[in-house]
Amino acid sequence: MGTIYAIANQKGGVGKTTTAVNLAACIAEAGYRTLLIDIDAQANATVALGIDKHTEPSVYDVLRGDVTAAEAVIDTSIDGLSLLPSNPDLAAATVELAREAGSDGRLRDALEGIREDYRFILLDCPPSLGPLTINALVAADRVIVPVQAEYFALEGLAGLLDTLGLIQRRLNPRLAIAGMLLTMHDTRTRLSHDVEREVREHFPELVFKTVIPRNVRISEAPSYGIPVIHHDPHSNGATAYFDLAKEMVARG
Ligand code: ADP
Ligand code: MG
């Protein structure tokens with residue numbers, strides 16, 4: 001039965017999509033059947049894997065109950081990695097789900113039929129704590145929280161942890177924090193080191209050992225529709241995401 005990881009942080013631009021895509025690719029490359037689910041209407045993860053963002057059916061149709069998850073899953077160019085694509089239509093789901101009582105478990109229920117087919121399922125969340133992220137956190141077993149090594153990194157983290165605690169108590173007792181992940185770390189700057197130290201001090205035990213460096217290869221890869229391990233397998237970025245995949249798999 002696949003373990004479901006939500007990649008979540010209500011802040012935008014912290015590396016959620018980059019992490020979801022590259023981590024999924026590394027796990028698949030290591031031989032584990034993996035499914036990436038793009039639940040952000042921006043569809044950046046879908047496009048980063050070289051898939052048209054107007055592909056139908058999408059996760060939107062799955063959340064509406066019009067098709068099953070199995071019917072919407074497609075193959076990617078990476079062996080062992082499947083994608084449940086997003087679509088700009090998903091923006092409407094935010095409103096529709098918010099209006100419907102008891103809709104928090106839609107994604108969880110939709111995934112029931114396909115969990116067995118994968119060892120890992122990764123959910124790329126939108127930059128908000130709205131109904132789509134709540135659906136992801138209700139479906140997930142673990143959360144990975146990317147934290148950008150920048151000045152305002154810690155801001156909002158306390159609120160996010162409160163929300164995770166609330167979801168654990170009210171909606172999904174299985175939910176655990178897999179770890180916080182420092183992203184876009186620049187070893188040349190003192191700021192990056194300061195932020196890393198501060199995050200590790202605040203949340204001992206909770207921060208992944210692996211740190212993702214700021215690396216131009218990582219930011220270029222989506223424009224080719226491929227993960228960094230295919231764009232430049234020897235780059236620091238590719239190595240870091242491989243290390244993260246190892247650390248994650250080792251943690252179970
Ligand atoms: P989010 O999904 O949290 O909004 P993204 O993963 O889309 O964040 O990242 C935001 C931007 O930063 C993107 O342009 C992405 O290419 C870039 N980026 C993310 N991680 C790195 C990194 N390690 N090195 C360089 N650029 C990065
Ligand atoms: Mg994103």
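Both counts, for ligands and for their atoms, begin at 1 and track the order of listing. As the structure is a prediction and not an experimental result, all values here were calculated from the model.
Under a 4.0 Å N-O distance rule, the pair Arg115/Asp141 qualifies as a salt bridge. The pair Arg108-Glu112 fails the salt-bridge criterion, with no side-chain N (NZ, NE, NH1 or NH2) lying under 4.0 Å from an Asp/Glu carboxylate O. Under the 4.0 Å criterion applied to side-chain N and carboxylate O atoms, Arg64 and Asp61 are not assigned as salt-bridge partners. For the pair Arg200 and Glu196, the salt-bridge criterion is met [side-chain N within less than 4.0 Å of a carboxylate O].
Within a 6.0 Å sphere centred on CG of Asp79, heavy atoms belonging to other residues, nucleotides or ligands number 12 at most.
At a 4.0 Å cut-off, at least one heavy atom of Gly13 sits close enough to ligand 1 to count as contact. Not a single heavy atom of Pro127 lies less than 4.0 angstrom from ligand 1. Distances from ligand 1 to the non-hydrogen atoms of Asn215 include at least one value under 4.0 Å.
Looking from atom 7 (O) of ligand 1 to the surrounding protein, the closest heavy atom is Thr17 CB, 4.0 Å. Counting protein heavy atoms only, atom 6 (O) of ligand 1 is closest to Thr18 OG1, 2.6 Å. Protein heavy atom closest to atom 8 (O) of ligand 1, with residue, atom name and distance, is Gly15 N, 3.1 Å.
Asp124 and Thr17 share a donor-acceptor pair across their side chains, judged by distance under 3.5 Å alone.
Close contacts of ligand 1 with Pro213, meaning ligand atoms under 4.0 Å from a residue heavy atom, involve 22 (C), 23 (N), 24 (N). Those atoms of ligand 1 with a heavy atom of Ile212 less than 4.0 angstrom away are 23 (N). If you number the atoms of ligand 1 from 1 as listed, the ones under 4.0 Å from a heavy atom of Ser219 come out as 16 (O), 26 (N). Heavy-atom proximity to Val14, at under 4.0 Å, picks out these atoms of ligand 1: 1 (P), 3 (O), 8 (O).
Among the atoms of Thr17, an N, O or S atom is found under 2.8 Å from the Mg ion (ligand 2).
Distance check on atom 4 (O) of ligand 1: some protein heavy atom falls below the 4.0 Å cut-off. Atom 22 (C) of ligand 1 lies below 4.0 Å from at least one non-hydrogen atom of the protein. For atom 19 (C) of ligand 1, the nearest protein heavy atom lies closer than 4.0 Å.
A donor-acceptor pair under 3.5 Å is formed between the side chain of Asn135 and the backbone N or O of Ser103. A donor-acceptor pair under 3.5 Å is absent between the side-chain atoms of Lys11 and the main chain of Gln148, judged by distance alone.
Tested against Leu132 for a side chain to side chain contact (heavy atoms under 4.5 Å, CB included), the candidates Val59, Asp40, Leu63 yield a single pass: Leu63.
Ligand 1 has a nitrogen or oxygen under 3.5 angstrom from a nitrogen or oxygen of Lys16.
The two residues Pro57 and Pro85 make their nearest non-hydrogen contact at O-CG, 3.9 Å.
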